[in-house]
2 protein chains.
Amino acid sequence: MPTIYEVAERAGVSLSTVSRVLNGKSSVNKALKERVDQAVKELNYRPNSVARSLANSRTDSVGVLVPELNAPFFGDLMQAVESTLRAQDKHVIITVGRNCLETEKDAVDFLISRNCDALIMHAEALSDDYLLDLNQNKLPIALVNRKVEGLPNACITLDNEKGGYLATRHLLELGHKNIAYISGPAYKADACLRLKGHERALIEAGLSVNPQLIFNGNYSEEDGKIGLLELMARDLPFSALVCANDWMASGAISCARDLGMSLPQDLSIVGFDDVVFAHHVFPRLTTVSNPVADMAEMSAKYILNKVYGQDHNVQHCFEPSLVVRESTINFES
Amino acid sequence: MPTIYEVAERAGVSLSTVSRVLNGKSSVNKALKERVDQAVKELNYRPNSVARSLANSRTDSVGVLVPELNAPFFGDLMQAVESTLRAQDKHVIITVGRNCLETEKDAVDFLISRNCDALIMHAEALSDDYLLDLNQNKLPIALVNRKVEGLPNACITLDNEKGGYLATRHLLELGHKNIAYISGPAYKADACLRLKGHERALIEAGLSVNPQLIFNGNYSEEDGKIGLLELMARDLPFSALVCANDWMASGAISCARDLGMSLPQDLSIVGFDDVVFAHHVFPRLTTVSNPVADMAEMSAKYILNKVYGQDHNVQHCFEPSLVVRESTINFES
DNA sequence: CTGTTAGCGCCTTCAT
DNA sequence: ATGAAGGCGCTAACAG
């Protein structure tokens, strides 16, 4: 690998001149610039990014933290972040948090030790205080899908309440009156908001909220199944079910089928997130779209602004929308 | 951020002593070591990985190239690579190739410019020659799911031929005699091998290979649908269908359903890869498992051996196995 | 076993 | 506009 010094020698200039033409910051005599360009080409010179980082204490890398690598939702997130950043010659260092406090902390430490210029996180277990600390530690961060008081700019969120509302209102419009709900874990803000939206729709329609029709799951496919069984065991009739994410909806669907129910006639089901497999389940899942990719792209743009002096418009709150497929149907009394 | 120099000063030793205790390579007087450890703790010192990289020309990072980030198959791959590597304090820089030659080359250039110590790739479009060059360029590489002559060690592959064989033999054992096949693109080695396995099973059973029962798809869901329609239009009866991956199987399944067929009674379908959504499709998909995660982990171990002086056993060829679910059934004449 | 001294490749004042 | 020189934080000979 040739160094900047060899380029300088070949071009017959000093290495600072080479540095200048490379970075294009300061102006250089045209003739010299051409000689340098020529030398760069002849030597097939590539600047050493490590040396550059050491000299200007920027690595052009941003750390990314996601709970898992092999889930469609986070796949979309990473895809959007990676392509947005790489288009600006920045790169991503991806780490996994596994929904576990220790692992998430480790991952962040790791990213910091790697001198990332900024962090983009979908943090599940890290506390608000921890995140505030991180940020005050002068490390720019962006938080996807999470709202932290005190970090209004860093947060890129979805209007989860509205999403829950849309799901339930759709069922109400189809004539359903008894609507069960399988929620995400109560300690997650998005889960609470989705549930709140569900309740608002109910109340708005003049119906009451019956806790017996609500089951608290943990967003896993398994809990969709468990939830449905539990709800049915409570012996209150319901003709429709909202699940707080598509995984649980999928679990509920296969469970229903195992019980011999025919869908959607016997039970209308709505999911949440519109992950890619939502149209693989049968019947194809009616769900609430979650524009993760857009949010992720926005988080990357926010970082580009904040750290690399770019100037993108950034939107902090995104709107979900209903995606009607075949898992919901009019209520027939 | 404190530097190694400040640690040395506080501990009252030279900075090389600090470096020694940090790296644990060479032995250090116990008392001094303790003073250093103490100073490190008090200052909350964290070595600067960039400076370290510059000094020893190793970044402890390995570049990863995958076609997409938001696909279950590659999600599994990345997950395995990331966790294996990070357990050894190496990190991954992930790039996307989009099945496109230019993009893949860009990605590799990018990774090289980042001074990755090695590359782990699932390359689709890069030619064998290109990969050979890369390797001769003294950059260690590992190739997942690809066989390149001249790079026997770098390749971690699946016995695709056997996989194709298993799929078809399963159907034969169920009594099917007319078995259609939707293949992957002919320019992909894995697609050819899977098809070859299918043909071997047929021949072994005393049946002939009818090209009219073979359709060449491109591994996309859409092509599963197109393939099925095309095969049916050819007007040769078949009671079973093998698809060279799960995406196409999924496309074929929903197409069949749209045509009013009932599955698996009217048509038995086998997929390939056993990606996570295979059990979301209905009927749950019988398929051939592809141990990507194992292969990916192995590729990481190979790199660990090759670049970081570790000593793992590495296995270069993996075996697929049949996963029987509900999309296949006995042939009833 | 410990400290001194050069670099690693680049950027950036500082003079010129 | 250009060149010289110092430094980013660390590792690795080399002496002692």
Side-chain angles (χ1 to χ4, degrees), chain A residues 1-40 43-61 89 112-117 138 307-309, chain B residues 1-40 43-61 89 112-117 138 307-309:
Chain A
M1 284 281 105
T3 73
I4 197 174
Y5 192 81
E6 300 171 43
V7 175
E9 190 166 40
R10 182 174 198 106
V13 298
S14 80
L15 87 183
S16 13
T17 301
V18 177
S19 178
R20 286 185 188 104
V21 346
L22 255 32
N23 296 313
K25 294 285 179 186
S26 155
S27 62
V28 176
N29 179 298
K30 201 173 168 189
L32 287 194
K33 173 172 162 39
E34 274 165 14
R35 269 157 55 196
V36 170
D37 286 338
Q38 180 69 12
V40 164
L43 265 45
N44 188 28
Y45 167 77
R46 315 269 300 153
N48 180 321
S49 63
V50 175
R52 172 176 288 176
S53 292
L54 183 60
N56 62 15
S57 57
R58 261 179 36 181
T59 55
D60 290 332
S61 71
D89 261 292
I112 292 176
S113 82
R114 253 42 224 208
N115 298 43
C116 292
D117 296 335
K138 75 188 189 313
V307 183
Y308 302 113
Chain B
M1 284 281 103
T3 73
I4 197 174
Y5 191 80
E6 300 170 43
V7 175
E9 190 166 41
R10 181 173 198 107
V13 299
S14 80
L15 87 183
S16 19
T17 301
V18 177
S19 178
R20 285 185 190 107
V21 346
L22 256 32
N23 297 312
K25 293 286 180 185
S26 152
S27 60
V28 176
N29 178 299
K30 200 174 172 191
L32 287 195
K33 172 169 163 42
E34 275 166 12
R35 268 155 57 194
V36 170
D37 286 338
Q38 180 70 10
V40 163
L43 265 42
N44 188 28
Y45 167 78
R46 316 269 296 153
N48 180 321
S49 63
V50 175
R52 171 176 290 176
S53 292
L54 183 60
N56 64 13
S57 56
R58 262 178 37 179
T59 55
D60 289 332
S61 72
D89 262 292
I112 291 176
S113 82
R114 254 41 223 209
N115 298 46
C116 292
D117 296 336
K138 75 188 189 311
V307 183
Y308 303 112

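Bear in mind that the values here come from a model prediction, so they are computed numbers and not experimental data. Below, chains carry the letters A, B, ... as their sequence lines are ordered, and counting in each starts from 1.
- Residue whose closest nucleotide on DNA chain C sits further toward the 5' end, between A:Ser49 and B:Ser26: B:Ser26.
- Note that CD of A:Gln38 is 10.5 Å distant from CG of A:Leu43, once rounded to the nearest 0.5 Å.
- Remark: P of D:dA12 and NZ of B:Lys25 are 8 Å apart, rounded to the nearest angstrom.
- Atom pair A:Lys33:NZ and D:dT2:P shows a separation of 12 Å (rounding to whole Å applied).
- Contact check, B:Arg52 against D:dG9: no side-chain N or O comes under 4.0 Å of OP1 or OP2.
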Could you pull out the protein-nucleic contacts involving nucleotides 14-16 of chain D (nitrogen or oxygen on both sides, under 3.5 Å)?
none

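- With DNA chain D read from its 5' end, the first of the two nearest nucleotides for B:Ile4 and A:Val13 is the one closest to A:Val13.
- Phosphate contact (OP1/OP2 of D:dT2, side-chain N/O of A:Ser16, threshold under 4.0 Å): absent.
- By the 4.5 Å heavy-atom criterion applied to side chains, A:Met1 and B:Asn115 are not counted as neighbours.
- The side chain of A:Asn29 lies closest to D:dT2, out of D:dT2, C:dC1, C:dC8.
- When heavy atoms are screened at a 4.0 angstrom cut-off, B:Val50 is found touching no nucleic acid atom at all.
- Side-chain proximity of A:Ser19 to D:dC8, D:dG9, C:dT12: nearest is C:dT12.
- The CD atom of A:Glu6 sits 13 Å away from the C1' atom of C:dC8 (whole-angstrom rounding).
- Distance CG (B:Leu54) to P (D:dG9): 12 Å, rounded to an integer number of Å.
- Going from atom CG of B:Leu43 over to atom P of D:dG9 covers 13 Å, rounded to whole Å.
- Listed nucleotides C:dT2, C:dG7, D:dG3 differ in distance to B:Ala55; the shortest reach to its side chain belongs to C:dG7.
- B:Thr17 comes within 4.0 angstrom of sugar-phosphate atoms only, judged by non-hydrogen atoms across all strands, and of no base.
- With contacts defined as side-chain heavy-atom distances shorter than 4.5 Å, the pair B:Glu6/B:Tyr45 does not qualify.
- Looking at B:Asn48 and B:Thr3, their side chains never come closer than 4.5 Å, going by heavy atoms from C-beta outward.
- Rounded to an integer number of Å, the gap from OH of B:Tyr5 to C1' of D:dC8 is 15 Å.
- The shortest non-hydrogen separation linking B:Ala8 to B:Ser14 is CB-C, 3.7 Å.
- Regarding A:Arg35, its CZ atom lies at a distance of 16 Å from the P atom of D:dA1, rounded to whole Å.
- The distance between atom CG of B:Asn23 and atom P of D:dA12, rounded to the nearest whole Å, is 7 Å.
- Contacts of A:Ser53 with the nucleic acid, taken as non-hydrogen atoms under 4.0 Å apart, are absent.
- Taking 4.5 Å as the limit, some side-chain heavy atom of B:Arg52 sits within range of a side-chain heavy atom of B:Asn56.
- Between B:Asp89 and B:Asp60, every side-chain heavy-atom pair lies at or beyond the 4.5 Å cut-off.
- At C:dG9, none of the side-chain N or O atoms of A:Thr3 fall inside 4.0 Å of OP1 or OP2 (strictly under the cut-off).
- Within the 4.5 Å cutoff, side-chain heavy atoms of B:Leu22 are placed close to those of B:Ile4.
- Nucleic acid contact for A:Leu22: none, since no nucleic acid atom lies under 4.0 Å from a heavy atom of the residue.
- Phosphate proximity of D:dC8 to A:Asn56: absent, as no side-chain N or O sits under 4.0 Å from OP1 or OP2.
- Residue B:Tyr45 has a polar side-chain atom (N or O) positioned under 4.0 Å from OP1 or OP2 of D:dC10.
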